[in-house]
Protein chains: 2
Amino acid sequence: MAPSPSPRRPAVGGTEKARAKAAGRRHRALGLDAIVDVALRLVDREGIDAVSMRRVAAEFDTGPASLYAYVANKEELLHHVLDRVIDEMAVPESDDWQELLRGYWHAARDTYARHNDVARLSFAHIPGGAKFLDLGERLLGAMIEGGVPVKVASWALDIMALYVAADVFEGWLFRQRYGDGLSEEEIGAEFVEKLTRQFAQITPAAYPYLTANREVMMSGSGDERFAFGLDMLIAGVAAQVPPRSRRTR
Amino acid sequence: MAPSPSPRRPAVGGTEKARAKAAGRRHRALGLDAIVDVALRLVDREGIDAVSMRRVAAEFDTGPASLYAYVANKEELLHHVLDRVIDEMAVPESDDWQELLRGYWHAARDTYARHNDVARLSFAHIPGGAKFLDLGERLLGAMIEGGVPVKVASWALDIMALYVAADVFEGWLFRQRYGDGLSEEEIGAEFVEKLTRQFAQITPAAYPYLTANREVMMSGSGDERFAFGLDMLIAGVAAQVPPRSRRTR
DNA sequence: ACCTGAACACCGTTCAAGT
DNA sequence: ACCTGAACACCGTTCAAGT
């Protein structure tokens with residue numbers, strides 16, 4: 001990556017710029033944005049656990065201690081990474097709040113999924129960026145204008161965010177454990193095989209419902225199952241919209 | 001804990017038993033159950049991240065390598081711990097499948113909550129114990145007998161399990177981050193304060209819905225919000241029960 | 001203020017050697 | 001088969017010392 005692999009030479013004094021020049025222009029200049037860049041790239045390539053202060057620092061040709069001028073600790077660094085990912089999200093345009101919710105959460109799920117297990121970081125985290133507030137304002141506004149009671153709307157948004165994060169994180173974990181470079185179908189097959197092995201140890205007499213419905217239980221792709229759950233939540237919210245709240249007052 | 005802190009003496013030969021006796025009867029005999037015992041106790045006291053092969057092994061006065069005769073790796077050990085916790089769960093008696101689901105998932109949530117962040121281990125994990133199958137059989141059976149289509153029943157159970165695990169894990173994380181020994185109210189207050197600080201940077205004109213509904217959005221305890229989401233999911237399932245499925249064939 | 005080498009107190013897992 | 005000390009290849013964070 002670096003054009004000149006010049007060996008480290010002792011600084012001979014002068015300004016910061018001069019020193020960097022003399023040292024052959026280090027890989028990258030330190031700074032919060034650059035640090036988060038590197039961490040996000042590591043997440044995208046290998047997942048959260050591949051991020052270590054040492055590996056990030058190495059990209060700047062220095063030791064881990066150098067990072068502590070920009071982040072208080074590793075947790076804070078990872079939350080900056082999450083905020084970056086959240087910046088990629090957007091609320092679609094729609095007059096129908098149900099359509100808007102469906103579109104948004106599917107897109108949010110896709111965004112998380114593009115960054116491995118980054119969704120895990122969203123548990124119990126209040127994002128720091130303004131984007132989070134923009135998204136909340138749009139979603140909450142659309143629901144309230146659609147007649148959803150405020151409490152129902154805000155609590156439901158929390159639950160949907162939790163559901164999406166948990167779904168993506170679990171999907172990533174499954175892929176890690178049951179076949180890595182495999183296709184969706186192959187992973188499904190391997191997964192079914194493991195469950196079937198467990199089922200094989202069971203007498204059908206003791207577990208009539210499980211044995212009789214094995215195939216249906218294991219049917220469906222991850223996408224289909226997610227959509228099913230999301231639609232159930234949206235329907236649950238819709239059921240709590242007061243009957244005649246069509247532009248009354 | 002150990003009654004006799006006898007110093008390690010070199011073995012002088014003889015049987016295993018004789019050696020143990022000569023060494024002053026070690027803390028505990030190695031074995032899968034004993035290892036899982038120790039790991040679960042660590043989880044209960046300090047959470048999952050406090051479990052290390054070294055700390056578990058130390059309880060047996062040995063090094064981490066000794067554990068690898070019983071578990072393939074740390075992940076497998078932790079999954080045994082989760083299976084132990086699942087063994088504490090039970091399905092209540094009820095003629096009404098909705099009541100049965102509500103009772104079960106609330107109890108499952110309480111069980112997880114008694115063991116710190118153990119729920120995190122349930123993501124993408126197929127429990128190995130027979131208890132898991134017992135629970136599944138009872139829940140699925142009750143739903144099917146109640147007229148819930150098989151696909152809806154089994155997919156919904158998956159989603160509810162994910163929701164419960166995510167809820168408990170997130171609750172634990174929140175408690176870790178915003179006040180540790182504090183009461184529910186104090187944590188709530190600290191949390192509201194942090195969010196309010198974030199809100200303070202915002203002009204009400206730009207975020208009319210968020211600012212106008214701040215109080216309602218932040219209302220409710222963790223228990224209330226969980227119950228709200230669970231009821232929404234149960235209602236979503238009930239809405240998919242065919243109209244006239246009251247004992248028809 | 002920013003930056004760093006070295007150290008501290010840990011990790012999971014492997015392996016040769018023992019019984 | 002079970003058990004172990006030692007080693008390997010890592011961790012996050014702190015701190016004294018530099019600029």
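To find a chain, count down the sequence lines: A is the first, B the second, and so on, and within it residues start at 1. Only this structure's heavy atoms are used, side chains among them; waters, hydrogens and symmetry mates stay out.
Taking the side chain of A:Y70 as heavy atoms from C-beta on, and the options D:dT4, C:dT13, C:dC3, the nearest nucleotide is C:dC3. Out of D:dA6, C:dT4, D:dC11, the shortest distance to the side chain of A:T62 is found at C:dT4. Among D:dG5, C:dT4, C:dC11, the nucleotide with an atom closest to any side-chain atom of A:S66 is C:dT4. In the set C:dC3, D:dC11, C:dT13, the nucleotide with an atom closest to the side chain of B:M53 is C:dT13.
Atom-to-atom, CG of B:D49 to C1' of D:dG12 comes out at 13 Å; the value is rounded to the nearest Å. B:E76 has its CD atom 15 Å from the P atom of C:dG12, to the nearest Å. Nucleotide D:dC2 holds its P atom 11 Å from the CG atom of B:L32, rounded to whole Å. What separates CG of A:L42 from C1' of D:dC10 is a distance of 15 Å, to the nearest Å. Straight-line distance from the CZ atom of A:R54 to the P atom of C:dA6: 13 Å, rounded to whole Å. B:K74 has its NZ atom 15 Å from the P atom of D:dC11, to the nearest Å. Atom pair A:Y68:OH and D:dA16:P shows a separation of 17 Å (rounding to whole Å applied). As rounded to whole Å, 13 Å separates atom C1' of C:dT14 from atom CG of B:N73.
Between A:A50 and A:A72, the residue anchored closer to the 5' end of DNA chain D is A:A50, taking for each the nucleotide with the nearest heavy atom. Each of A:G31 and B:P64 has a nearest nucleotide on DNA chain C; the 5'-most of these lies closest to A:G31.
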Derivation and outcome, ring pair (Phe, Tyr, Trp, His ring centres under 6.0 Å), residues B:F226 and B:Y163 | CA-CA 9 Å; B:F226 170 74; B:Y163 174 55; 5.4 Å; yes

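Within the nucleic acid shown, A:V51 comes within 4.0 Å of sugar-phosphate atoms alone, with no base atom in reach, counting heavy atoms only. Across all strands, A:S52 comes closer than 4.0 Å only to sugar-phosphate atoms, never to a base (heavy-atom distances).
Taking 4.0 Å as the cut-off between side-chain N and carboxylate O, A:D83 and A:K131 do not count as a salt-bridged pair. Comment: A:E59 does not engage A:R41 in a salt bridge, judged by the lack of any side-chain N to carboxylate O separation of less than 4.0 angstrom.
Closest approach of B:V51 to B:A39, counting heavy atoms only: CG2-O, 3.8 Å.
Look at the C1' atom in both D:dC2 and C:dA16: the space between them is 15 Å, to the nearest Å.
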